[in-house]
Amino acid sequence: EMYGDAWFRTYTKNVYHSYTFSYIRKRKGGAHFAGSYNEEKAFLIIEYRKNDGVIRYVSDCEYKRLDGEFTLFDFVRYDGEPMEVLKRYFAGFGSCAAPPIRGYTSWYLDYQNISEEKILKTLDSFSGDRFDLFQIDDGYETFIGDWLDIDKAKFPNGLKPIVDRIHEKGTLAGIWISPFVAENKSRLLREHPDWIAKDKNDDFIYAGCNWSGDAAVDINNPEVVEYIRKVMRYYVELGIDFFKLDFLYAVNLRRLHGKTHAETAEFAYGLLREEAGDRLILGCGATLSNCFERFDYCRVGPDVALRFDDVPYMRIFHPERISTKVTLQNTIFRSPMNGHMFLNDPDVFLLRDDNIRLSKRQRESLSKINALFGSMLMTSDNIGAYDPAKKALLEETLELFYEGRVTGYSREGRLIRINYELHGEDHTLLYDFNRGTVREEQEGRR
């Protein structure tokens, strides 16, 4: 429950709720849709009571200190087919000018077990003419929260030589940072316990049980705000072109005094944008609506897992778990956001045979769906080690990413029918979301 809204939202049996936008299917077809345009002020909460069919709209404005006028609600309601009303709603946000990106991230190859030697070895086989971005993920810092302390055992020469080598490849240099949390083992938490958000019992507020436990920092403290600014400036000056900013929901676990959750996120995300300047930003674990006009890209689902739906006990214990099964559905059904609020990041595709428990067909599904529905096409494979078959599949994936165009999709039982066009020909992809497999049918030339 640390990863969701359970700390400040009561869950009741047979009462479902959603933030910002939602649609509820009608028994006779179509759907009732509501979507907010007030998310910089107060989140819209849409409640649906299953037992009596009542829909209730709530403005998330608890503890807001009023000083003058304040908008509680500004939302639209539509009736129609789900995908059509979603497209109509997101079109109201205009368009995002960020470029589509192909790239590499170190996370799903070595996770935190990275080093200068490993990064440079992968970089040596990296194709700058096929990819735009090389991103260093978690593991370069000593502990989460100590972003200015580079692990000298892993990176004896620091990160600057690596950033320079990335630029020599003609690609963007990216870095992963989780700016609003600090783990128990961090120097930040040990030396500045007053920088950590606390509850009414004066206990630390935790945003999760990752690492040694990740506590949320308190941005009501001016010293915390200045530290975050200092961190962002350090990496800008280092030459970083692309920031992957993660666990951003943590900033809402202790709101700004007198402000709503929405206003807190607006301030915090605006702070990150201000310091990043014109660098590209990918928001992860973020409140999606506040990424609009702040971030260029946004993760729209959980992390990919190296098996289709994580281990069985995690499916019971952890509703916000990593899951390839779940993230693929989000990639499809959240695609109407793409190009409006931001560009969608569906997370990585993986084609390798080693260190993975996704079947060959599941890996092909992941690559095709990510290419068709996302605007970021990332991998954690060492593509230089691909055999001819994988190189051919990589080329097909890149072709789908740039040339494929989804023309429609719909759910049919456990299948999702995806219609797309490629080089003037219509195709149908049938995706079984329980098995994670696809089969394709060609329907003829236009």
Side-chain angles (χ1 to χ4, degrees), residues 1-13 15 17-20 39-45 47 58-67 70 72 143-147 177-229 231 245-272 283-290 302 314 317-321:
E1 53 188 15
M2 297 177 184
Y3 300 91
D5 62 349
W7 290 115
F8 47 85
R9 182 73 190 170
T10 301
Y11 279 69
T12 306
K13 187 177 181 179
V15 178
H17 72 277
S18 177
Y19 289 83
T20 310
E39 301 299 271
E40 77 283 1
K41 296 292 185 183
F43 294 142
L44 176 69
I45 302 173
E47 288 185 355
V58 180
S59 177
D60 180 32
C61 60
E62 192 174 24
Y63 301 118
K64 166 66 180 175
R65 183 180 296 119
L66 290 175
D67 182 17
F70 182 78
L72 290 170
F143 295 103
I144 299 300
D146 298 337
W147 307 112
I177 303 174
S178 184
F180 300 136
V181 297
E183 66 172 303
N184 287 334
K185 293 181 178 180
S186 67
R187 186 165 61 88
L188 182 150
L189 187 143
R190 184 174 64 254
E191 296 180 358
H192 301 284
D194 56 315
W195 287 13
I196 304 301
K198 298 178 180 65
D199 62 18
K200 60 184 178 182
N201 298 318
D202 207 34
D203 293 326
F204 288 164
I205 296 174
Y206 283 89
C209 50
N210 301 76
W211 307 288
S212 59
D214 44 318
V217 299
D218 186 1
I219 62 169
N220 285 284
N221 188 326
E223 292 180 345
V224 171
V225 173
E226 183 53 38
Y227 174 68
I228 293 170
R229 289 188 184 279
V231 167
L245 304 176
D246 207 350
F247 289 81
L248 298 183
Y249 64 86
V251 77
N252 265 327
L253 299 180
R254 176 80 191 280
R255 287 167 290 188
L256 288 168
H257 297 316
K259 302 294 185 182
T260 65
H261 287 116
E263 290 175 315
T264 300
E266 284 287 304
F267 168 79
Y269 296 3
L271 168 69
L272 299 172
C284 296
T287 49
L288 300 178
S289 54
N290 302 111
M314 287 294 282
F317 170 71
H318 193 1
E320 300 286 347
R321 67 190 182 278

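None of these values were measured; they are calculated from a predicted model. Sequence positions, counted from 1, serve as the residue numbers for this chain.
- Ring pair His192/Trp195 is parallel by interplanar angle, where below 30° counts as parallel and above 60° as perpendicular.
- The salt bridge (charged side-chain N to carboxylate O under 4.0 Å, His left out) search around Glu266 returns Arg294, not counting sequence neighbours.
- Considering only residues two or more places apart in sequence or on other chains, Glu62 meets the side-chain hydrogen bond (donor to acceptor under 3.5 Å, both in side chains) condition with none of them.
- Residues Asp5 and Tyr249 have side chains that never bring a donor and an acceptor to within less than 3.5 angstrom of each other.
- For the residue pair Asp218 and Asn220, a side-chain donor N or O sits within less than 3.5 Å of a side-chain acceptor on the partner.
- Ion pair Asp146/Arg187 not flagged as a salt bridge, since none of the NZ, NE, NH1 or NH2 atoms sits closer than 4.0 Å to an Asp/Glu carboxylate oxygen.
- Side-chain contact check for Val225 versus Leu271: some heavy-atom pair is nearer than 4.5 Å.
- Side-chain atoms of Thr287 and Tyr269 include a donor-acceptor pair closer than 3.5 Å.
- Contact annotation: the side chain of Phe180 never approaches that of Asn252 to less than 4.5 Å [non-hydrogen atoms, C-beta and beyond].
- Of the possible donor and acceptor atoms, one in the side chain of Glu39 sits under 3.5 Å from a partner among the backbone N and O of Leu44.
- The side-chain hydrogen bond (donor to acceptor under 3.5 Å, both in side chains) check on Lys64 picks up Glu263, with sequence neighbours excluded.
- Partners of Phe8 according to the ring-ring contact (aromatic ring centres under 6.0 Å, His included) rule, which considers only residues two or more places apart in sequence or in another chain, are His261.
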Cut-off 3.5 Å, no hydrogens considered: what does the side-chain donor-acceptor table look like for residues 204-213, sequence neighbours left out?
unit_1	atom_1	unit_2	atom_2	d
Tyr206	OH	Asn184	OD1	2.6
Asn210	OD1	Tyr3	OH	2.6
Trp211	NE1	Asp138	OD2	3.0
Ser212	OG	Glu183	OE1	2.6
Ser212	OG	Asn184	N	3.2
Ser212	OG	Lys185	N	3.2

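- Partners of Arg229 according to the side-chain hydrogen bond (donor to acceptor under 3.5 Å, both in side chains) rule, which considers only residues two or more places apart in sequence or in another chain, are Glu274, Glu275.
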